[in-house]
Amino acid sequence: MKTVMAKHAVLSSGAKMWRSLSCAKSELRLDLTLACGQSFRWRETAEGHWTGVMAGRVWTLTQTDDTVWYHVYKDKGMQGEGCDSKRGAGVSLQMGNKSDKSFKGALKKEEQEEPVAVTSVHDTEEEEDMLRDYFQLNVKLGDLYEEWGAADPHFKCIADVFTGVRMLRQDPTECLFSFICTSNNHISRIQGMVERLCQALGAPLCQLDQTSYHNFPSLSALADSSVEACLRDLGFGYRARFLQQSAKQILDTHGLQWLEGLRGVPYVQARDALRTLPGVGTKVADCVCLMSLDKAEAVPIDTHVWQIAKRDYNYASGNAQKSITDKLHRDIGDFFRKLWGPYAGWAQSVLFCADLKKFQKLKEMPDLKQPLKEEKGGGEMRVAYKKTKIKTEEDETVKAMETKSAGRKKAKVSV
DNA sequence: CTCAAACCTGT
DNA sequence: CAGGTTTGA
């Protein structure tokens, strides 16, 4: 009676369970995009195979030269039973949050009791749409790389190796609460924390090999008064309170749909709205704007990006500062927006990715199919930026609006 | 508006 | 100290 334990899918064994999506590696590199610190939910479960939870389902993704292969696990067995009220709410609330029409059918399907998981044509189309939405495949990354490279020699240099680094369009709730965990913290610990968070408070989805996969917790699950103590036990430290308080504040003063509604609000307004939440400062707010709220111009500035600005762009302003001030945030963000344009946040993620320790080996051994580009002296690249004008006039919309809305945590947003 | 210190925990 | 935020001078 004990069912055979399900396993992670592998492309080489059982091609029938895989579906495909035409997509060149220059448009999407799964390994870089999924492991560069945007989402903390994907794991490499086999060589080049990435497994994680997205839109309430468990996926394994892999790719060949011109194709992305995906498999969606169907496990009705674990749903609808064995979850407490908090978790139960997790499923429906999570799905209810989706405003996109393409996700409409999801809630109904979960509630039905189909004995066998037959994948209908409708499911197939729906899931392909989910992927296209999540990876924002309508955005032509190759064209953007061309533009950034034309405007910025240093970017062009990096871009030859780090192609296909693409911004994910994440669920706003998952994105916000994951990034509240990032303060004063490093990626490896954040990954563990987010995993424990989902395991403790998220609805279970399925189990593969020794790993159980859970949905990200709902707002109401996170807002429960018992959550802070629970998360402190799980090693969240002072962030435990931030998570619970932010969830409660959103539900009490804004409502369930508020976060998603910020997608339709201008960047600066959305960012200031987020900053009213405990544990959410400038950097975290920018991350959420960029990675889940469709604000491509948001450039999250952390100490690491500051180092990049100083080292590769000869950014001198704020040298006296010991740490990043609010003003420095604004100035560096404006600097990069001026350089890269409306998708500056996407460009920044490429450089950020290229600077991660775990990807350094790619710089030494580029693609074999591509002949080595001729070495360009790094020193000369920098000279080009020696005299780069850092400050610009008040002509930028973003800047103008920022100075206007100075009252930080007071900002009231009517959505 | 700027600045430093404290905040949890793991390396 | 770490990919930060809050708080009080």
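This is a predicted model, so every value here is computed, not measured. By convention in this document, chain letters (A, B, ...) are assigned in the order of the sequence lines, proteins followed by strands, and residues within each chain are numbered from 1. The figures here come from the full heavy-atom set of this structure, side chains too, leaving out hydrogens, waters and symmetry mates.
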Classify Val284(A) by what it touches in the nucleic acid, base, sugar-phosphate, or nothing, heavy-atom distance under 4.0 Å. sugar-phosphate
Any N or O donor-acceptor pair linking the side chain of Arg241(A) to the base of dC8(B) at under 3.5 Å? no
Is Cys36(A) touching bases, backbone alone, or none of the nucleic acid, heavy atoms closer than 4.0 Å? base
Looking for any heavy atom pair under 4.0 Å, which part of the strands does Ile187(A) touch: base, sugar-phosphate only, or nothing? base
By the 4.0 Å heavy-atom rule, please label Arg239(A) as base, sugar-phosphate, or nothing. base
Please classify the nucleic acid contact of Phe236(A) as base, sugar-phosphate, or nothing, using heavy-atom distances under 4.0 Å. nothing
By nearest atom, which of the nucleotides dT6(C), dC8(B), dG3(C) is closest to the His304(A) side chain? dG3(C)
Can you tell me if Thr282(A) touches the phosphate of dT5(C), counting only side-chain N or O atoms and a distance under 4.0 Å to OP1 or OP2? no
In dot-bracket form, 5' to 3', how is DNA chain B paired? Count Watson-Crick and G-U wobble pairs only if both distances fall under 3.5 Å, and write | where the partner sits on another strand. .||||||.||.
Would Asp331(A) and Tyr315(A) count as having a side-chain donor-acceptor pair, cut-off 3.5 Å? no
Ranking dC3(B), dG3(C), dC7(B) by distance to the side chain of Gln321(A), first place goes to dC3(B)
Between Asp286(A) and Tyr267(A), do the side chains contain an N or O donor and an N or O acceptor separated by less than 3.5 Å? yes
Of all the choices, dC3(B), dG3(C), dA2(C), which nucleotide is nearest to the side chain of Thr325(A) once you look at every atom? dC3(B)
